[in-house]
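Every heavy atom of this structure was used, including side-chain atoms; hydrogens, water molecules and symmetry mates were not.
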There are 2 protein chains.
Amino acid sequence: MVDRKPALAGPDLPGTAGTKSARTRQRILDAAAHVLSRRGYAGTRLTDVAEVAQLQAPAIYYYFSSRDELIEEVMWSGIAHMREHVRAQLAALPAGASSLDRIDVAVESHLRYQLEISDYTTAAIRNAGQIPEQIRLRYVTEANRYGDVWRELVQDAVDDRVLHPDLDPRAARMLVLGALNWAAEWWNPRRGSLDQLIRTAKTLVRSGLSTGSEAGEASPAAPAPDTPAPAGPRRAGAAAR
Amino acid sequence: MVDRKPALAGPDLPGTAGTKSARTRQRILDAAAHVLSRRGYAGTRLTDVAEVAQLQAPAIYYYFSSRDELIEEVMWSGIAHMREHVRAQLAALPAGASSLDRIDVAVESHLRYQLEISDYTTAAIRNAGQIPEQIRLRYVTEANRYGDVWRELVQDAVDDRVLHPDLDPRAARMLVLGALNWAAEWWNPRRGSLDQLIRTAKTLVRSGLSTGSEAGEASPAAPAPDTPAPAGPRRAGAAAR
DNA sequence: TCGCGCATTTAATGTGCATTAGAACATCTG
DNA sequence: CAGATGTTCTAATGCACATTAAATGCGCGA
């Protein structure tokens with residue numbers, strides 16, 4: 001009967017760039033990310049999301065067909081954006097950057113994005129273990145794609161013989177990601193600067209991963225540029241496995 | 001490890017050691033930890049807890065006055081036990097163990113308890129950021145007490161001049177705990193042995209925290225080179241906060 | 001100015017779930 | 001075996017919240 005539903009889709013829909021409608025949809029997503037990150041999957045009430053987004057709960061159904069669909073999008077787009085951000089920063093590095101320097105950059109951009117920019121990332125991180133099967137699939141896919149970025153970083157370190165031989169690559173990668181992700185749980189701008197945290201994380205990760213011989217701080221240069229725009233010289237072998 | 005709780009809220013509380021009643025109460029707590037760790041705070045239904053504990057939901061009210069009280073106990077007792085476990089392992093160490101060796105032991109016992117023994121710990125970890133104020137207090141208190149154990153471990157490393165100078169002690173400590181805690185999110189016994197993970201974590205943490213010069217493996221009685229550090233019993237009061 | 005589709009609102013509807021009431025069952029004491 | 005006390009059940013009660021229905025406001029092209 002009622003078939004006046006806009007062919008809602010992902011973040012695309014060509015013509016609708018800065019449409020008011022598109023902006024409202026975005027506001028709802030942002031609100032959902034905010035609520036989801038502090039209340040958890042089951043605790044995320046549409047009325048709360050609506051309040052943050054400054055509209056009434058039923059209005060959400062004009063943009064999303066269900067609560068789960070809204071949450072699903074927050075979850076996967078959170079990591080998708082994180083991956084995009086980190087990848088851009090890596091791409092901005094000079095072609096000859098060492099594997100450890102690349103890891104440094106990944107550590108910094110991961111932390112910056114997670115703690116400075118995005119509620120989405122914390123929402124995804126905190127609820128990864130709680131979302132039901134239905135929603136999980138797309139999230140897992142994106143999480144794996146982001147994982148691939150790190151898998152490649154670590155693999156490069158192995159290939160360059162700078163990864164500590166006692167480390168299992170997979171475990172090491174997950175432990176590092178855990179250290180970074182967990183920062184969302186405790187870091188508070190009032191108890192220590194983000195730069196301070198980043199410095200510590202870089203040191204910890206670099207000397208933790210690298211073989212003793214190749215320890216010392218390498219080139220502290222290449223202070224990750226802020227603009228994700230410049231598509232510089234990309235790294236060769238993409239998509240590792 | 002074995003530490004029967006002094007029934008706090010139940011009915012009367014005589015010297016109930018292995019009482020059937022006490023065991024039922026424990027079963028409910030265990031079930032709640034199990035559900036809480038995978039469904040999250042808001043998603044934890046009393047009917048699910050009851051099902052796991054093999055009884056009907058209203059029976060829970062005989063032992064706990066509300067859902068929140070049950071969850072609160074799971075949350076704080078989770079870390080309380082973790083702390084007890086780690087502390088015991090540390091206490092079993094010979095008096096002369098180096099600060100890095102002590103950290104090694106803490107890493108191992110933390111991971112073992114979290115991944116092998118206890119649903120409580122994962123429940124606490126995953127829900128730390130989602131529980132409402134009301135419940136939070138006691139949890140935070142216990143979390144801080146456990147944090148003190150690590151604060152002391154790291155401080156000892158500083159005193160012994162083995163902590164990498166570029167590291168902010170607080171940030172480093174939280175990053176390490178994050179790496180460990182996060183393991184609950186991804187580690188699966190079928191994709192890699194726990195021993196393997198522990199080995200990697202120890203290596204990563206040890207070489208990540210320590211100053212380059214002091215790399216090698218465990219070594220008994222290898223006190224700091226030139227430090228007037230209080231080499232006496234490490235058991236000084238750490239709390240003070 | 002009218003009219004028409006998009007956007008959002010107010011007012012139901014229904015279900016799921018914590019919590020309560022009070023009966024039934026079990027176990028222990030004499 | 002009585003009956004007292006401890007334990008768990010079945011059957012309400014009531015609220016909170018996702019979702020639906022239907023009405024209203026809004027902007028814009030002729």
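Distances shown here put every side-chain N or O of Thr24(B) at or beyond 4.0 Å from the OP1 or OP2 atom of dT7(D). Listed pair Ser21(B) / dT7(D) meets the phosphate criterion, a side-chain N or O lying under 4.0 Å from OP1 or OP2. Note on Tyr62(A): a side-chain N or O is less than 4.0 Å away from OP1 or OP2 of dA7(C).
Base engagement by Ala59(A) is indicated by at least one non-hydrogen atom pair under 4.0 Å involving a base atom.
Considering only residues two or more places apart in sequence or on other chains, Asp30(B) meets the salt bridge (Lys or Arg N to Asp or Glu O under 4.0 Å) condition with none of them. Partners of Glu133(B) according to the salt bridge (Lys or Arg N to Asp or Glu O under 4.0 Å) rule, which considers only residues two or more places apart in sequence or in another chain, do not exist here. With sequence neighbours excluded, the residues that form a side chain to side chain contact (heavy atoms under 4.5 Å, CB included) with Ala80(B) are Trp76(B), Glu142(B). The side chain to side chain contact (heavy atoms under 4.5 Å, CB included) test applied to Arg67(B) returns Tyr41(B), Thr44(B), Leu46(B), Ile71(B), not counting sequence neighbours. In terms of the salt bridge (Lys or Arg N to Asp or Glu O under 4.0 Å) criterion, Asp168(A) has no residue partners (sequence neighbours excluded). Arg45(B) meets the side chain to side chain contact (heavy atoms under 4.5 Å, CB included) test with Arg39(B), Thr47(B), Asp48(B); sequence neighbours excluded. Scored by the side chain to side chain contact (heavy atoms under 4.5 Å, CB included) test, Thr141(A) finds no partners at all (sequence neighbours excluded).
Spacing between atom CZ of Arg25(A) and atom C1' of dT8(C) amounts to 17 Å, rounded to whole angstrom units. Look at CZ on Arg67(A): it is 14 Å from C1' on dT15(C), rounded to the nearest Å. Look at CZ on Arg39(B): it is 15 Å from P on dG16(C), rounded to the nearest Å. Regarding Glu69(B), its CD atom lies at a distance of 16 Å from the P atom of dA18(C), rounded to whole Å. Between the CD atom of Gln56(A) and the P atom of dA12(C) there is a distance of 16 Å, rounded to whole Å. When the P atom of dT19(C) is taken as reference, atom CZ of Phe64(B) falls 13 Å away, rounded to whole Å. Taking atom CD1 on Ile28(B) and atom C1' on dT8(D), their separation rounds to 10 Å, with Å as the unit.
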Legend entry - Where protein sits on nucleotides 23-30 of chain C, one letter per nucleotide: B base, S sugar-phosphate only, - none, heavy atoms under 4.0 Å: --------

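In this structure, of dT20(C), dT8(D), dT8(C), it is dT20(C) that holds the atom nearest to the side chain of Tyr61(B).
With a 6.0 Å radius and a threshold of 12 heavy atoms from other residues, nucleotides or ligands, Gln196(B) has its CD atom above the threshold.
For the contact set between residues 43-55 of chain B and DNA chain C, defined by any heavy atom under 4.0 Å, the members are Thr44(B), Arg45(B), Leu46(B), Thr47(B).
Using modelled atom types, one finds no donor on one side chain facing an acceptor on the other under 3.5 Å when comparing Arg23(A) with Gln26(A).
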